[in-house]
Chemist: 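Okay, handing you the structure first.
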Amino acid sequence: MSVTPDVGARIERLYREEHGRIIAPLIRLLGDFARAEEVVQDAFEAALAQWPEEGVPAEPRAWILRAARNKAIDRIRRSARYRDKQAELTAVAAVEGAFAPSPDALLKDALRDDLLRLVFTCCHPALAPDAQIALTLRTVCGLTTEEIARAFLLDPRTMAQRIVRVQKKIAAAKIPYRVPEADELGARLEAVLHTLYLVFNEGYAASAGDALVRHELCAEGLRLAELVAQLLPDETEPKGLLALMLLTDARRDARVGPDGELVVLEEQDRTRWDHAAIARALPLVDASLAARPPRAYALQAAVAALHARAARAADTDWRQIAALYAIHARVAPSPVVELNHAVAVAMAGDLAEGLRRIEALDARGALARYHLLPAARADLLRRAGRFADARRAYDDALALATNEVERRYLARRREALPP
Amino acid sequence: MNYLLMIYENERLMNDMSPEEQGRVFAEYHAFTEGIVKSGHFKAGDALQPVATATSVRVKDGKVVTTDGPFAETKEQLGGYYLIDAKDLDEAIAIAARIPAARIGTVEVRPVMVFDQGGM
C-alpha cells in the first residue's frame, strides 16, 4: 500500500461514481437532503485526510460506506432532533440495518429503491426544471456545484444558491421521498426522463462553452438514462431514451467539421460514427418499441436507428421514418413532430406534399419563433430547384436563429444557392 | 403538515355564468368540501367576496394608509382558500387538483410554516 500522487484523483472518481448510491439511503434515514449531504462530505473528507497518509485501503468502496455509516450515527447521537433515547436508538439501528449488507450487495441491489426514490424526488414536477437538473447532477451524479455551474455557464454562487433553495423547498413543502405509485408512475417517469433529456441536450446542442465540459453533460445524461433503465427494467421509455442518447451521441465526432462548422446528417462521414454505441443502441430500440402504442422516446430512437442503419445518406429509409413520425404525431402530437413528419414525407419522394404541410404549419403560427421551420422549408425549396424562394426562407431562418454554429451553416447554405 | 390552498380565478368568469351553471359549480364545491371533511384533510375554508370589496392597508410614518382594491392588479384574483392537513406535498397537490377552480384558474399550494421551539 503506497501513497500515490493520484490518491486525490481516485477519491474524486469514487465520489463521482458512488455519491448517488451512498447519499440515497442517508436522505431516507436522516430525513433531509442537506443533512445527508453533510454526512457524505464528512466521509469523503475523512478519506482525503487519511488515505494520502495511510494509503488507499484495499476496499475503498467498503471504507467509504463504513465511514458514511459511522458519520451518520455520530450525527444522530449529537442531534437534538430525537425526542428520547429510544427514538435515537431506533434511528441508529435503522442506519446500521441499511448499511449491514456487504458493500457489493449494497451498491448493486439493496440501494435500488433508495436510488429510485432519489431520482424521482430530484425530478419532482413541483421543482423548477433548472433546479431539477442542478439537484440531479449534484446528488445522483456527484458533480460539484462548481462543475455544474461551469457546465451551465453560471456563476458558482448562483448555482450554489439554486441548490440550497431547492433543498429548502423539498424540506419545507415536504416533497415526499418515494417512488410514485403505479397509477402515477407513467406521468412522473415522463418528467424524470424529460429532465435527463434536458441534461443530455444541454451538452449536445453546442450553443456555447467549453466543448469538454459540454460533453461531460452528455456523458452524465447517458449515465442517468442507463441508471433509470436498469432500475425500471419493465418500463420501455427509459430504454427508448437511452437508445436515443446513444444514437445521437454516436454522431458527435462526425457532426463538427475541421473548422468547428456544423456538418448535417446528410453530409456526415458515416465511418466516423461510433459504431459500438450504435450496436448497443439497436437492441434497446427494439425493446423500447414493445409498448403498444409505442411512446415518444422509443419512436425518436427508432428514427435515429433508421439513420444509423443507412450506410449512405441516399440509403435512408425515409418512407419508414415518415411512418414513424405519423405514429408519433398521433400518440404525442406537437408542431415540431409535424414539422419532422413533413420533412420525412418530402424526403421520401413527395417534395410538394412536404412543402404543403410546412406551409400549413406556418400559416397556423404554432412555430412562429422556431428557426428550424424556415430552415426546413429553405432546404426543401432548394431541393425543388426554387432557389429564389429558398433564399428568402434562409433569410427568415437567419432572422430567428441564435446559435452561432447554426447561423454560420444557414448562411453558408444560402451563399451556395445557384443564382 | 398543513397547506394553504389559495384559489385564484377570473371573477368575471363566475359572474358571467348562467344561474344553472353557477348552481352546478356550487354543488361541485359542496361535494368537494364534504369529501375532504370526511377524509379528515379539511381544517378550514371560505369563499371571499369579490376584489371590488377589498381594501389594502399599510402603515406609513405611523399613519394608517388605506387604498381601495387589492394589493396587485392581476388577471386572476384570490377568490377563496382551503386550509388542509396532508401527509406530504403530493397529497396536497392531489387535493388541490380536485378543487373545481383548478380547471379554469390556478390553485397555489403553500406549506404553512412550522415554528420549532428554538425558532425557525
Side-chain angles (χ1 to χ4, degrees), chain A residues 27-36 75-76 78-84 87-88 113-114 116-129 131-132 135 164-192 195, chain B residues 1-9 28 31-32 35-45 72 74-76 78-120:
Chain A
I27 294 169
R28 173 170 55 82
L29 294 163
L30 300 173
D32 188 292
F33 270 68
R35 263 197 293 276
R75 196 159 264 273
I76 289 169
R78 277 187 284 120
S79 165
R81 289 177 73 231
Y82 300 92
R83 298 250 172 263
D84 51 41
E88 187 189 300
D113 287 346
D114 277 327
L116 259 184
R117 282 188 190 101
L118 179 58
V119 171
F120 276 103
T121 302
C122 287
C123 300
H124 195 280
L127 305 173
Q132 292 181 26
L135 191 65
V164 169
R165 228 177 11 244
V166 62
Q167 290 181 343
K168 275 194 181 144
K169 176 164 180 183
I170 290 172
K174 209 168 171 193
I175 290 180
Y177 195 57
R178 66 181 181 101
V179 179
E181 308 283 334
D183 63 330
E184 42 171 359
L185 185 67
R188 289 287 308 277
L189 181 59
E190 213 167 283
V192 168
T195 300
Chain B
M1 175 103 172
N2 289 348
Y3 294 87
L4 187 65
L5 312 183
M6 287 173 282
I7 301 165
Y8 288 88
E9 59 189 327
E28 274 187 74
F32 165 75
I36 60 171
V37 169
K38 273 211 191 99
S39 62
H41 295 103
F42 177 89
K43 303 217 37 157
T74 50
K75 265 199 285 185
E76 293 182 335
L78 182 65
Y81 73 93
Y82 284 95
L83 180 66
I84 61 162
D85 183 9
K87 75 174 194 298
D88 55 36
L89 183 65
D90 282 356
E91 193 176 59
I93 290 172
I95 291 171
R98 284 162 46 205
I99 297 177
R103 294 197 302 267
I104 47 165
T106 309
V107 179
E108 183 176 325
V109 179
R110 289 276 287 270
V112 173
M113 201 183 268
V114 181
F115 292 95
D116 291 338
Q117 278 178 323
M120 272 199 51

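Only heavy atoms go into these numbers, but all of them, side chains included; no hydrogens, no water, no symmetry mates. Quick note on labels: first sequence line is chain A, next is B, and so on, each numbered from 1.
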Chemist: For a quick test of reading the model, state the closest non-hydrogen atom pair linking A/A172 to B/P111 and the distance between them.
Modeler: O-CB, 3.4 Å
Chemist: With B/E76, which residues qualify under salt bridge (Lys or Arg N to Asp or Glu O under 4.0 Å), at least two apart?
Modeler: none
Chemist: Could you work out all donor-acceptor pairs shorter than 3.5 Å where one atom is in chain B and the other in chain A?
Modeler:
| residue | atom | partner | partner atom | Å |
| --- | --- | --- | --- | --- |
| B/Y3 | OH | A/A173 | O | 2.6 |
| B/K87 | O | A/K174 | NZ | 3.1 |
| B/L89 | N | A/K174 | O | 2.8 |
| B/D90 | OD1 | A/H124 | NE2 | 2.6 |
| B/D90 | OD2 | A/R178 | NE | 3.4 |
| B/D90 | OD2 | A/R178 | NH2 | 2.7 |

Chemist: Mind listing the closest non-hydrogen atom pair of B/L89 and A/P176 along with its distance?
Modeler: N-CD, 4.2 Å
